[in-house]
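Position 1 is the first residue of the sequence; numbering continues from there.
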Amino acid sequence: MKRPLQAPKIIRAKRTVSDYDRKIMDQILRDNENSFSYLSFSGVIPLTLPDGTRIVFIPDMHAPAHNQLMLWGIKQFLLDFQPHIIKYIGDISDLFWLSRWPKPPRTVAHAQFELDETRRLIDWLAEDLVCLVRIIVSTGNHDDRFRRYLTDPASGIANIVDFQSREPLLSFHGLLGYKPGDPISFIYDIHERGGYGGGMIVNDDMQFRHGYIVRPKPGASPLADAERIGRSLVQGHTHRAGMRVRQVGEKTIVAIELGHVVDVNHPYMGYSNLLNNWHPAIGTGTIAGGKVHLQVLPIKQVGDSSKYTLVYDGKVYRSSDR
């Protein structure tokens with residue numbers, strides 16, 4: 001008889017922050033005081049990060065169609081890596097209840113459950129001193145479903161802002177319950193949309209956004225955009241993991257896709273199939289010499305369907321301890 005899935009034990013040692021990390025944290029906060037003052041930002045937000053800064057990049061999660069098995073292993077990795085910044089590349093939520101595509105029969109779309117699950121996952125992945133400074137979310141095209149829904153029947157009120165905070169009264173981050181002063185930023189494009197041009201740029205070196213160009217081969221989608229803007233670029237959106245490099249004069253342009261952490265068998269993911277060439281993965285970045293050095297970490301299925309593994313710095317992180 002097959003046993004039901006159970007969450008593995010998350011080992012929570014007493015978390016401390018080293019003096020080295022405190023110096024990095026202080027410098028990050030000092031150099032980015034203005035950028036971190038925004039709960040929501042429209043456009044490309046610039047960050048200045050010192051050497052030694054650690055970042056984890058989590059691609060398309062599509063909560064509640066996320067793969068909890070993968071996230072268990074990712075949480076174990078986060079506890080060790082202890083990033084200063086967690087960067088979500090977009091489509092953090094699916095917002096299936098607002099999808100205009102035909103929904104499968106007997107598939108329940110519950111608005112509050114989707115929002116509650118998205119908020120729970122963000123908070124759970126960052127707890128236990130996992131994220132030392134800031135969570136940054138580049139909103140994706142799925143996260144943008146709420147804005148698109150509002151602008152059809154209620155365009156007159158879609159962009160009304162709170163009198164004091166100047167935050168939109170009706171927004172994706174507002175639905176999740178985040179308030180000014182919370183250690184998180186949501187980035188939209190200059191037209192307040194998700195999934196198009198909004199993102200962040202680190203040390204005037206590498207840009208990060210959800211992306212919108214789609215090419216059939218891994219790495220080709222961000223390369224098309226990177227060549228257009230003349231800068232290294234990291235994106236999500238395609239659910240593929242890949243990298244392309246181009247030398248333009250004396251400049252090296254790196255283009256990276258970061259894969260996904262979704263459950264491809266979830267009914268919300270009815271458009272997934274082998275032809276889509278999807279790859280589970282996350283990314284890690286370290287600032288060295290003022291540049292972003294980024295690695296793509298594939299998440300591989302091993303053994304039965306309940307086990308996933310990622311490897312970093314010689315250590316194995318598993319999704320299940322069964």
Is the Lys NZ or Arg CZ of Arg145 less than 6.0 Å from the centre of Phe172's six-membered ring, within 45° of the axis? no
Let me confirm one number: the OG1-CE distance from Thr309 to Met70, rounded to the nearest 0.5 Å. 11.0 Å
At their closest point, which heavy atom of Pro59 faces which heavy atom of Val261, and how far apart are they? O-CG2, 3.9 Å
Is it true that a side-chain atom of Ser232 and a backbone atom of Val254 form a donor plus acceptor pair closer than 3.5 Å? yes
Strictly distance-based, threshold 3.5 Å: is any side-chain N or O of Asn203 a donor or acceptor partner for the main-chain N or O of Gly290? yes
Flag, side chain of Asp182 to backbone of Ile184, donor-acceptor distance under 3.5 Å: no
Over all atoms of both residues, closest heavy-atom pair of Phe57 and Gly285: CE1-N, 3.8 Å
Between Arg244 and Glu257, does any side-chain N to carboxylate O distance fall below 4.0 Å? no
Any side-chain donor paired with an acceptor under 3.5 Å for His142 and His237? no
For Val202, is there any backbone N or O sitting under 3.5 Å from a side-chain donor or acceptor partner on Asp205? no
Give a yes or no on whether the backbone of Ala255 and the side-chain of Arg246 come within a donor-acceptor separation of less than 3.5 Å. no
When you compare the side chain of Trp278 with that of Val262, does any pair of heavy atoms fall below 4.5 Å? yes
Under the criterion side-chain contact (heavy atoms from CB on, under 4.5 Å), I'd like the reasoning laid out for Asp123 against Glu127: C-alpha separation, chi angles, the key distance, then a yes or no. CA-CA 6 Å; Asp123 292 348; Glu127 69 182 3; over 6 Å; no
Would you tabulate the side-chain donor-acceptor contacts of residues 211-220 under 3.5 Å, counting partners in other chains and residues two or more places apart, or write 'none'?
unit_1: Tyr212; atom_1: OH; unit_2: Arg228; atom_2: NH2; d: 3.4

Do Ser185 and Arg134 have side-chain N/O donor and acceptor atoms under 3.5 Å apart? yes
Run Met206 and Val234 through side-chain contact (heavy atoms from CB on, under 4.5 Å) and show every step you take. CA-CA 8 Å; Met206 184 173 280; Val234 178; 3.6 Å; yes
Taking atom types as modelled, is there a side-chain donor on Gln68 or His66 under 3.5 Å from an acceptor on the other? yes
Is the His62 to His239 ring centre distance short of 6.0 Å? yes
Taking only residues two or more places apart in sequence, or in another chain, which ones meet Lys315 in a side chain to side chain contact (heavy atoms under 4.5 Å, CB included)? Asp80, Tyr317
Closest heavy-atom contact between Met61 and Ile92? CE-CG1, 3.4 Å
Can Arg100 and Tyr149 be counted as having a side-chain donor-acceptor contact under 3.5 angstrom? no
Validation row: Ile89, Ser138 side chains within 4.5 angstrom (heavy atoms): no
State whether the number of non-hydrogen atoms from other residues, nucleotides or ligands found under 6.0 Å of His110 atom NE2 is greater than 12. no
Closest non-hydrogen contact found for Leu129 with Leu132 is O-CD2, 3.6 Å
When you measure from the side chain of His210 to the backbone of Gln235, do you find a donor-acceptor pair of N or O atoms at a distance under 3.5 Å? no
How far apart are the closest heavy atoms of Leu121 and Tyr88, and which atoms are they? O-OH, 4.4 Å
Salt bridge check: are Arg209 and Asp189 linked by an N-O gap of less than 4.0 Å? no
Between Lys75 and Asp128, does any NZ, NE, NH1 or NH2 come within less than 4.0 Å of an OD or OE carboxylate oxygen? yes
For a ring-ring contact (aromatic ring centres under 6.0 Å, His included) check, start with the C-alpha distance between Tyr188 and Phe41, then their side-chain angles and the critical distance, and finish with the verdict. CA-CA 6 Å; Tyr188 304 82; Phe41 184 89; over 10 Å; no
Between Thr53 and Leu49, is there a donor-acceptor pair closer than 3.5 Å when you use the side chain of the first and the backbone of the second? no
Salt bridge or not between Asp144 and Arg147? Use side-chain N to carboxylate O under 4.0 Å. yes
Report the distance from atom NZ of Lys87 to atom CD1 of Ile282, rounding to the nearest 0.5 Å. 14.5 Å
Report the C-alpha separation of Tyr196 and Thr139 in whole Å, then their side-chain angles, then the decisive distance to 0.1 Å, and conclude whether the side-chain contact (heavy atoms from CB on, under 4.5 Å) test is met. CA-CA 9 Å; Tyr196 299 94; Thr139 51; over 6 Å; no
Between atom CG of Leu47 and atom CD1 of Ile85, what is the distance when rounded to the nearest 0.5 Å? 5.5 Å
Test your reading of the model: is there a side-chain donor-acceptor pair from Ser35 to the backbone of Asn32, 3.5 Å cut-off? no
Mark yes when over 12 heavy atoms from residues, nucleotides or ligands other than Glu33 sit less than 6.0 Å from its CD; otherwise mark no. no
Would Gln82 and Val130 count as a side-chain contact (heavy atoms from CB on, under 4.5 Å) here? Give the steps. CA-CA 5 Å; Gln82 206 170 8; Val130 160; over 6 Å; no
Non-hydrogen atoms of Ile253 and Ala226 that approach each other most closely: CG2-CB, 3.7 Å
Between His84 and Asp21, do the side chains contain a donor N or O and an acceptor N or O under 3.5 Å apart? yes
Between Phe96 and Tyr268, is the ring-ring contact (aromatic ring centres under 6.0 Å, His included) condition met? List the steps. CA-CA 7 Å; Phe96 183 76; Tyr268 290 9; 3.9 Å; yes
